[in-house]
2 protein chains.
Amino acid sequence: MNAGRTARERARAEVTREITEIARRQLGTEGAGGLNLRAIARELGMVSSAVYRYFPSRDDLLTALIIDAYNAVGEAVERADVACEPEDHAGRWRAVCHAVRDWALAHPHEYALIYGSPVPGYQAPVDTVAPAMRDTVVYGRILASAYAAGALAPPDGFPAPPDSFAGDAEAVRQVMPGLPDDLVARAIAAWTGLFGFLSFEVFGQFANVVDDRAALFDHTVDTLGRLAGLPAPARG
Amino acid sequence: MNAGRTARERARAEVTREITEIARRQLGTEGAGGLNLRAIARELGMVSSAVYRYFPSRDDLLTALIIDAYNAVGEAVERADVACEPEDHAGRWRAVCHAVRDWALAHPHEYALIYGSPVPGYQAPVDTVAPAMRDTVVYGRILASAYAAGALAPPDGFPAPPDSFAGDAEAVRQVMPGLPDDLVARAIAAWTGLFGFLSFEVFGQFANVVDDRAALFDHTVDTLGRLAGLPAPARG
DNA sequence: ACCAAATCGAGAGCACTGCTCTTGACAGCG
DNA sequence: CGCTGTCAAGAGCAGTGCTCTCGATTTGGT
C-alpha cells in the first residue's frame, strides 16, 4: 500500500490516487451516473485512453469508489466506537449511529452508492464484502459486549421470532456472538431501521414532512437501541 | 384518462402508453440508467426524434415512470388494506407491509426508482408528491383508526420524544390524526424501519447473511407494528 | 368544402460518451 | 548498450440525448 520501490511504481500509485480523487469529487457533484472517464482525463491533462491504463473500465473505477466509501463509513464508525467508554453500550450505539449519519449527510452520493439502488448492470465483486462489513462488525461487537455484560434488557411485549429463524440467527451470530435468536432478530430490525431512517433523510423522503430531522434521528436512535435491548438514555 | 375525442388524440394516448410500457420493461431489465430513448423508438418502429413529440426529455419519461411506480405501490397497499377487517388493525398493518414487499420484490428496479438513490440531476416535480403519499396515507389511516378504537397500546420502556418534536408531530398528524407525539415518533420509526428492511432485501444487503428473508420479514413486521403500538399477532 | 394551423414522423446532424487499437516515446533491468 | 514492458497520445467506432428542418397528415373553423 505504501510507496513502491521504482519511480514508475510511485508515479503509477500517484496517478491512480489522483484519478480516484477526481472521480470522488465528480461523484459528489454529479452522482454515480455522472462518472465521466473523459472529464477525469481532461482534469488530469491526459487523454481519455490513458485513464484506461489505470482502470480497465468505468465499472472498475466504480468498484474502487465503492470500496473507498465502505471503508470511509467503516472507519468513521470504528473511530466513533473506540472514543466511547467500552461499557457504555448505549453511548457506543448512539455514537455509531451518529457517525453513520454524519458521514451520510456529508457524502450523500457515496451513501447512495453503497446503500441506495445498486448501479445498473454492476455486480459488486468480492473485494467489496470485507469493507462492507466493517460497520456491521462494530455494531455486532457492541451488542455482544452488552449482552456479555448482562446489559441487554429488551422491553417486554414483543413477539418471538419463528423457529425457522434459528439457522439465519446462527449465521448472524458470527458478528454478535452469544446473542439468543430473539435478540438477533431485534438487532437486525434496529440496524435496518437505522438505515431506513437515513435513506429517507438522505434521499429526500422527509422533505416537507419532517423538519427537525436531527432531533427525530436522536430519538429514533434511542428507540431502536432500546428495541435491541440497550438501556434507555439518561438524557431527557 | 379514457379515449379522447379525435382520432389523433386517441392515437397519441396509445403511443404514449406504448412508450411508457416499453420504458417500464426496459427499466425492469436494465435499471433506471439504462433507459434508452433510441431503443424505445426502435422497438416502436419509429425514429428517435419522434419520441420527443411525446416526452420532451428523458427525465420527463422518468417522471412518468416514477409516478406510475408510486401509484402502483399505492394501489397495491390500498387494495391490501380494504381487503382486511377494518377493526383488525394489526392485520391491516401486516397486509400493507406484505403488499409493499410483494410489489418491491416483483419490481425491484421500480422500487429502486422511488425508494433508492434519486436519479442524478433529476428533481422530482410536484406531480409526484400526491402519488408518493398514497401508501403513507393508508398507513396513517390504520394507526389513526387503531388509536381512535383504543387499540394502540405501545410497549413500555421506550424514551419519549423531545419537546422540540412537537412541531413536526403536528405536521405528521395530518395523515394520522389524533395520535400523541410519542406515538407519531414511533410510527415514523416503524415506517422507516419497514423500508429499511426492504431496501436491504431488494438491494442485496442481505446476501449471504439472511437466507429466509420472508420469515424474518414477517417477524420484523410484527416487531415494528408492536413498536408502533399495534397488538401482538395471534400466531405463534 | 375549403384552407390555415397544428401536429406528426423522418432524417440529418451536433456534441458527447465508453472503449479499442495502434504508434511512438521512455524507463527499468540485464 | 539494448531489450522489454509500460506509458500517453491520437484516431476511430458505435452508441447516446437532443435539436432542427422538412414534407405529410389531421384538425377545426369558416
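FYI, side chains are in, hydrogens and waters are out, and symmetry mates aren't considered; it's all heavy atoms of this structure.
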Quick one: A:E30 CD to C:dC16 P, roughly how many Å, whole number? 14 Å
Atom pair distance, as rounded to whole Å: CZ in A:R12 and P in C:dA27: 17 Å
Have a look at A:L35 and say if it touches a base, only the backbone sugar-phosphate, or nothing, with a 4.0 Å heavy-atom cut-off. sugar-phosphate
Heavy-atom pair of closest approach, residues A:L27 and A:A32: CD1-CA, 3.5 Å
At 4.0 Å (heavy atoms only), tell me whether B:R58 reaches a base, stays on the sugar-phosphate, or touches nothing. sugar-phosphate
Determine whether any donor atom in the side chain of B:S49 lies under 3.5 Å from an acceptor atom in the base of C:dG11, or the reverse, and answer yes or no. yes
Rounded to whole Å, please give me the gap between CZ in A:F55 and C1' in C:dT17. 19 Å
Indicate whether the side chain of B:T63 and that of B:D60 have a donor and an acceptor atom separated by less than 3.5 Å. no
B:S199 side chain to B:Y111 side chain, donor-acceptor N/O pair below 3.5 angstrom: yes
Mind checking which nucleotides bracket the chain B contacts on DNA chain D, 5' to 3', with an atom under 4.0 Å from a heavy atom? D:dT16 to D:dG28
Write down the distance between CG (B:L44) and C1' (C:dC8), rounded to a whole number of angstrom. 14 Å
B:R38 or A:N36, whichever maps to the more 5' nucleotide of DNA chain C: B:R38
Can you tell me if A:R10 touches the phosphate of C:dA27, counting only side-chain N or O atoms and a distance under 4.0 Å to OP1 or OP2? no
Just do the salt bridge (charged side-chain N to carboxylate O under 4.0 Å, His left out) check on A:R173 and A:E170 with the steps written out, would you? CA-CA 5 Å; A:R173 255 190 293 272; A:E170 185 57 35; 3.0 Å; yes
Rounded to whole Å, please give me the gap between CD in A:E14 and C1' in C:dA27. 18 Å
Sorted by position of nearest nucleotide on DNA chain C, 5' first, the leading residue of B:R8 and B:M46 is B:R8
Could I get the full list of salt bridge (Lys or Arg N to Asp or Glu O under 4.0 Å) partners for B:R101, not counting sequence neighbours? B:E201
Assuming nearest nucleotide by heavy-atom distance, tell me which of A:Y54 and A:S48 is located more 5' along DNA chain D. A:Y54
Among residues two or more places apart or on two chains, list those pairs meeting salt bridge (Lys or Arg N to Asp or Glu O under 4.0 Å) that have a residue in residues 102-116 of chain B. none
Any heavy-atom pair between the side chains of A:L65 and A:L35 that's under 4.5 Å? yes
In whole Å, what is the span from the CD1 atom of A:I40 to the C1' atom of C:dT17? 13 Å
